**Student:** 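Just passing along the structure, written as structure tokens.
In what follows, chains are A, B, ... by sequence order, proteins preceding strands, each numbered from 1. Note that the structure is a prediction, hence the values are computed from the model and not measured.
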Amino acid sequence: MPAALPLGSLADWYLRSARDLPWRRPDFDAWGTLVSEIMLQQTQAARVAVEIDRWLERWPTPADLADAPTHEVLRQWGTLGYPRRALRLQDTARAIVERHGGEVPRDVDALLALPGIGDYTARAVAVFHFGDRHPVVDTNVRRVVARAVHGQGEAGPAKRRDLADVEALLPADPADASVVSIALMELGALVCTARAPRCESCPIADACAWRAAGYPPYEGRRAPRQARFAGSDRQARGTVLRALRGVDVPLAEAEIAALWPDAEQLERALASLVADGLVVRDGASVRLPH
DNA sequence: GAATCGTGGCC
DNA sequence: TGGCCAAGATT
């Protein structure tokens, strides 16, 4: 059993060093928290920070987004990446209106039942907005715990076990547990980074098992590395969607064909965009969904 | 469990 | 320069 982490030092460090991010402002409501957490799925905080306010000014409540034209939702999503998230976010807004009277639910299971909301996002909303006690486990938390608690240089692929693993670290008091979760995330983002961690300024360095062991290199299994992007179906999809966002009329098949050199790959990308509901084929042209 | 899904920043 | 990484979720 590893020694307990100095959670008091961690919390003090957080209160001293936390970034001033929009979703940490006291006036951020449950809906704003949910929207920001979905945008933060695999997208860097700095990029979300410049988009979130404009989004929430346009659609300040779930009912507002539920009623929006989907093509406008996709345009506003812009280049945040993984545009299926924008569709799911609108689906979630509609589900909140239908199932929960337009109010973001507090219950983790109710949150998990919403489209596009998984283990991380559901608990992030329940903890960071509602103040309940749950483990909030993202890539930062997994890395910090792997190092400080388990003495491993990397976390390896995400596992179901990670949730219970982190839950065991949390203080009993929900408010204290909430600060520990956000502080672990911030520590992973600012200090205990994937490359070149800043151990000299780490508030829990004295208790870090990885440091105590002399920074042994990671020997365990790793997540498979991302496929090359250049020339991929993903790039083809992105190219098509970027073109459609840039105009307010459908694009003819010939205009679409001019976007990508490999006709067979373009057709495959187009078919997958249609299957995802991101694009609609309308006769001999292609457009964003209404 | 592994593959898929955008875009941009960093060294 | 190109691989790695980023507040993950879904199938």
**Student:** State which residues pass ring pair (Phe, Tyr, Trp, His ring centres under 6.0 Å) with Trp59(A); sequence neighbours excluded, sorted by chain then number.
**Tutor:**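 Counting only residues at least two positions away or on another chain, Trp59(A) forms a ring pair (Phe, Tyr, Trp, His ring centres under 6.0 Å) with Trp55(A).
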**Student:** Does any residue of residues 162-187 of chain A have a heavy atom under 4.0 Å from DNA chain C, and if so, which ones, in number order?
**Tutor:**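 Contacts with DNA chain C under 4.0 Å: Met185(A).
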**Student:** Hey, does the side chain of Arg228(A) come within less than 4.0 Å of dG3(C)'s phosphate (OP1/OP2), counting only N and O?
**Tutor:**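 Arg228(A) to dG3(C) OP1/OP2: side-chain N or O found under 4.0 Å.
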**Student:** Rounded to whole angstrom units, what separation is found between the CD atom of Glu154(A) and the P atom of dC4(C)?
**Tutor:**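 Nearest whole value for this atom pair: 11 Å.
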**Student:** Check this for me: Arg228(A), atom CZ, are more than 12 non-hydrogen atoms of other residues, nucleotides or ligands nearer than 6.0 Å?
**Tutor:**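 Count not over threshold, so no.
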**Student:** If I pick the P atom on dA7(C) and the same atom on dA2(B), what distance separates them, to the nearest angstrom?
**Tutor:**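 Pairwise P distance, dA2(B) against dA7(C), rounds to 24 Å.
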**Student:** With salt bridge (Lys or Arg N to Asp or Glu O under 4.0 Å) as the rule and sequence neighbours excluded, what pairs involving residues 244-256 of chain A come up?
**Tutor:**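 Non-adjacent pairs meeting salt bridge (Lys or Arg N to Asp or Glu O under 4.0 Å): Glu253(A)-Arg281(A).
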**Student:** Listed by chain and number, what are the salt bridge (Lys or Arg N to Asp or Glu O under 4.0 Å) partners of Asp27(A), not counting sequence neighbours?
**Tutor:**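 Result, salt bridge (Lys or Arg N to Asp or Glu O under 4.0 Å) vs Asp27(A): Arg25(A).
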**Student:** Return a table of donor-acceptor pairs under 3.5 angstrom between the side chains of residues 191-200 of chain A and protein atoms on other chains or two or more places apart.
**Tutor:**
from, atom 1, to, atom 2, distance (Å)
Thr193(A), OG1, Arg195(A), O, 2.9
Thr193(A), OG1, Ala196(A), O, 3.4
Arg198(A), NH1, Leu190(A), O, 3.1

**Student:** Pairs in or reaching into residues 174-190 of chain A: which pass side-chain hydrogen bond (donor to acceptor under 3.5 Å, both in side chains), with residues at least two apart or in two chains?
**Tutor:**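 Qualifying pairs: Arg19(A)-Glu186(A), Arg24(A)-Glu186(A).
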**Student:** Give me the distances for all protein-to-nucleotides 7-10 of chain B N/O pairs that come in under 3.5 Å?
**Tutor:**
from, atom 1, to, atom 2, distance (Å)
dT7(B), O2, Arg47(A), NH1, 3.0
dG8(B), N2, Gln44(A), NE2, 2.8
dG8(B), N3, Gln44(A), NE2, 3.3

**Student:** With respect to the phosphate group of dC4(C), does any side-chain polar atom (N or O) of Arg222(A) fall under 4.0 Å of OP1 or OP2?
**Tutor:**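 No, Arg222(A) has no side-chain N/O under 4.0 Å of OP1/OP2 on dC4(C).
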**Student:** Within residues 6-28 of chain A, find the residues that approach DNA chain B with a heavy atom at under 4.0 Å, and present them sorted by residue number.
**Tutor:**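 Under 4.0 Å from DNA chain B: no residue of residues 6-28 of chain A.
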**Student:** When the C1' atoms of dG1(B) and dA9(C) are compared, how many Å lie between them, rounded to an integer?
**Tutor:**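 Looking at atom C1' only, dA9(C) and dG1(B) are 15 Å apart.
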**Student:** When rounded to the nearest Å, what value does the distance between P atoms of dG2(C) and dC5(B) take?
**Tutor:**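 Comparing P positions in dG2(C) and dC5(B) gives a spacing of 23 Å.
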**Student:** Give me the residues of residues 258-280 of chain A where at least one heavy atom lies under 4.0 Å from an atom of DNA chain C, by number, or none.
**Tutor:**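 Heavy-atom cutoff 4.0 Å gives no residues at all.
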**Student:** How close or far is atom C1' of dC5(B) from atom CD of Gln41(A), stated in whole angstroms?
**Tutor:**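 The answer, rounded to whole Å, is 12 Å.
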**Student:** Only pairs at least two apart or in different chains count here, so list each salt bridge (Lys or Arg N to Asp or Glu O under 4.0 Å) that has a residue in residues 204-223 of chain A.
**Tutor:**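 Only Glu154(A)-Arg222(A) qualify under salt bridge (Lys or Arg N to Asp or Glu O under 4.0 Å).
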**Student:** My understanding is that only residues two or more places apart in sequence, or in another chain, count here; which of them pass salt bridge (Lys or Arg N to Asp or Glu O under 4.0 Å) with Arg99(A)?
**Tutor:**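 Testing Arg99(A) for salt bridge (Lys or Arg N to Asp or Glu O under 4.0 Å), a comparison that skips the adjacent residues, returns none.
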**Student:** Can you list, in residue-number order, the parts of residues 104-131 of chain A that come under 4.0 Å of DNA chain C, counting heavy atoms only?
**Tutor:**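 Here the set is Pro115(A), Gly116(A), Ile117(A), Gly118(A), Asp119(A), Tyr120(A), Thr121(A).
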